[in-house]
Amino acid sequence: MRDILLVAELTIREARRRRILWTALGLGLAFVALYGVGFYFIHRDMVRYRPGAAVVLDSSFGFVVMAAMYVISFLGVMLAVLTSVGTLSGEISSHTIQTLATKPLRRSALVIGKWLGLFLMLVCYVFLLGGGVSLVTWAISGYLLPNVVQGIALVALQAVIMLSVSLLGSTRLSTVTNGVAAFMLYGLAFVGGWVEQVGSFMHNETAVDIGILSSLLIPSEAMWKLASYVMQPPAIRTLGLSPFSMAASPSTAMLAYALGYVVVMVALAVRSFGRRDL
Amino acid sequence: MSVSAPAIQAVGLRKEYGSKVAVEDLTLTVEAGEVFGFLGPNGAGKTTSIKMLLGLAEPTAGEGWLFGEPIGKPESRRRVGFLPEHFRFHEWLRADEFLDLHARFFRIPARERSRRVDELLALVGLSESRAQRLGTFSKGMLQRIGLAQALVNDPDLVFLDEPTSGLDPLGRRMVRDIIGRLSSKGTTVFLNSHLLSEVEVTCTRVAFITNGRVRRVTTLGQYEGALIECELEVGSLDDGLVDGLRQWSSRVDVDDRRRLLRLQLADRNVLPEIARFVVASGHALYRLAPRPVSLEDLFVSIVEGGDA
């Protein structure tokens, strides 16, 4: 356990030293600030020119925050893949791994420690951005997304899924190949998600099955769907589709599957890295 | 494990990469306290052998132990230090942070770590660069800090894979001095080097490896049991003499014109017997001159001759 924490610390220290951490945080804060300014003007005009029932206003605000959440979920996935894509393969090809792996520690400590370090940074990042956007919205309009903490946690889980997949790839694939593979999988899940969504709208079972299959292959998009389902205002939920809301929620079984998926990916990464020559 | 366990023991270690055999059979024993040279041409399997012993590469077959602990297990590396051939380290770390970090993997307490880091930086002549990032280090400096890293846990066994490849003559002398110091402390050193002159002055015993197989293990130079070459100058030459001498030396080079014979002997204790034999067989003996076989001669004869 001590070795795992030490490797996690090393991973975070590396991100800090290489200025990845501060760049991501700085730009993240800029994102929240820009969103705040934009939302301030939207809010002002909506209240001034389109006074209406609170329910309509809330739904409109909800739509805007969800758009921001969607961007955050995408940024989370990007950051997850970019930070982990070469984390093992890069150290193997540069031989820096040799002095670490010959210390009296298990190979698994290197994999799990790196995962843990990246996981902590990623989750903090998603919560900082998601929380920032939610708080700015609340401060300006008094509106808060329903189940916002759960929702952001699901957005973070989506990124963690990508992190775990790309860490597994990084045990065997070169950095570029792994990056391509990770983003292709993400794209697959994305398209699969939409096929399922449209299929369910049009009652096409084959399309729905294809969507489910892609979610089983990689449940990242399913976590975004679940997140947007739990965070959408009740009015939109009853009205039906919007680009950032879901008519049908993925089952909670999918959540359990996603959590298990992460565990399995990390376990496979440990196994794969444990067996390769360095 | 028991105190008397050899520092390194390998039995039939083999490594295949697909259909390519990188190491065919690594069988050797290095006793605690030895300075052991590991020699062979490029591609002979030296680095792969070290990787197997250190758990970086899993052997296809065979077994090995470091101080009695099975190789591959974390426990087997607790008393071990390693300077890899490709000495690349996390370039975003400062020199002192780098050493401190590696010391932490050995669970060395903080106070002792900081003392150890100071000592090691001084030992490799990098005290003044302690706050510098490794990314700004020259090749020679990286090799020095790598050597310090290999000693961070005050190991009982150090693997040095081409430790002087990036160093100037002063740096080489520093490495030689460090090896000497380690040796006098009783630390076992496993030295993989191309520089035979370096091996000749530092090592007590060497193994030759070609095509992934240990061809010969021999004691060096001034040490007991070292291989020697002996030149005889005789009054006359005949087949009976040459054949008779073969009982001590499988190889007898004959120089008819100057009436010289060159023998390779495993043991200097046979010299008086040889002298008696030459005289008793009716030949005049003008000169009998033993000298240690130079490592270079040995290397060339083993590499070119398959097995000498």
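Each chain gets a letter, A, B and so on, in the order the sequences are listed, and its residues count up from 1. Computation of the quantities below employed the complete heavy-atom set of this structure, encompassing side-chain atoms and omitting hydrogens, waters and symmetry-equivalent molecules.
Other residues, nucleotides and ligands place more than 12 heavy atoms under 6.0 Å from the CZ atom of A:R172. Within a 6.0 Å sphere centred on CD of B:E16, other residues, nucleotides and ligands contribute more than 12 heavy atoms.
Counting heavy atoms from C-beta on, the side chains of A:I161 and A:P219 come closer than 4.5 Å.
Within residues 93-119 of chain B, the residues having any heavy atom closer than 4.5 Å to a heavy atom of chain A are B:L93, B:R94, B:E97, B:L101, B:H102, B:R104, B:F105, B:F106, B:R107, listed by residue number. Residues from residues 122-159 of chain B that place a non-hydrogen atom less than 4.5 Å from a non-hydrogen atom of chain A comprise B:R133, B:Q149, given in numerical order.
Note that OG of B:S165 is 7.0 Å distant from CD of B:E85, once rounded to the nearest 0.5 Å. Between the OG atom of B:S49 and the CD1 atom of B:I8 there is a distance of 10.5 Å, given to the nearest 0.5 Å. Between atom CD of residue B:Q9 and atom OG1 of residue B:T27 there is a gap of 10.0 Å, rounded to the nearest 0.5 Å.
Proximity to chain B is limited to the side chain of A:R107, based on heavy atoms less than 4.5 angstrom apart. In this structure, chain A has a heavy atom under 4.5 Å from the side chain of B:Y17, while its backbone stays farther away. For A:R106, the parts lying near chain B are the backbone and the side chain together; criterion is any non-hydrogen pair under 4.5 Å.
Side chains of A:S84 and A:T87: no donor on one and acceptor on the other come within 3.5 Å. Side-chain contact annotation: A:S89 with A:T175, donor-acceptor N/O pair under 3.5 Å present.
Options A:D3, A:I97, A:V7 differ in how many heavy-atom pairs under 4.5 Å they form with chain B, and the most are formed by A:D3.
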- Task: Run the numbers on B:K15 and A:D277 for salt bridge (Lys or Arg N to Asp or Glu O under 4.0 Å), then give the verdict.
- Result: CA-CA 11 Å; B:K15 182 67 190 178; A:D277 294 336; 2.7 Å; yes
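Salt-bridge formation is detected for the pair B:E75/B:R78: a Lys NZ or Arg NE/NH1/NH2 atom is positioned less than 4.0 Å from an Asp or Glu carboxylate oxygen.
Classified by interplanar angle (parallel below 30°, tilted 30° to 60°, perpendicular above 60°), the ring pair B:W92/B:H90 is tilted.
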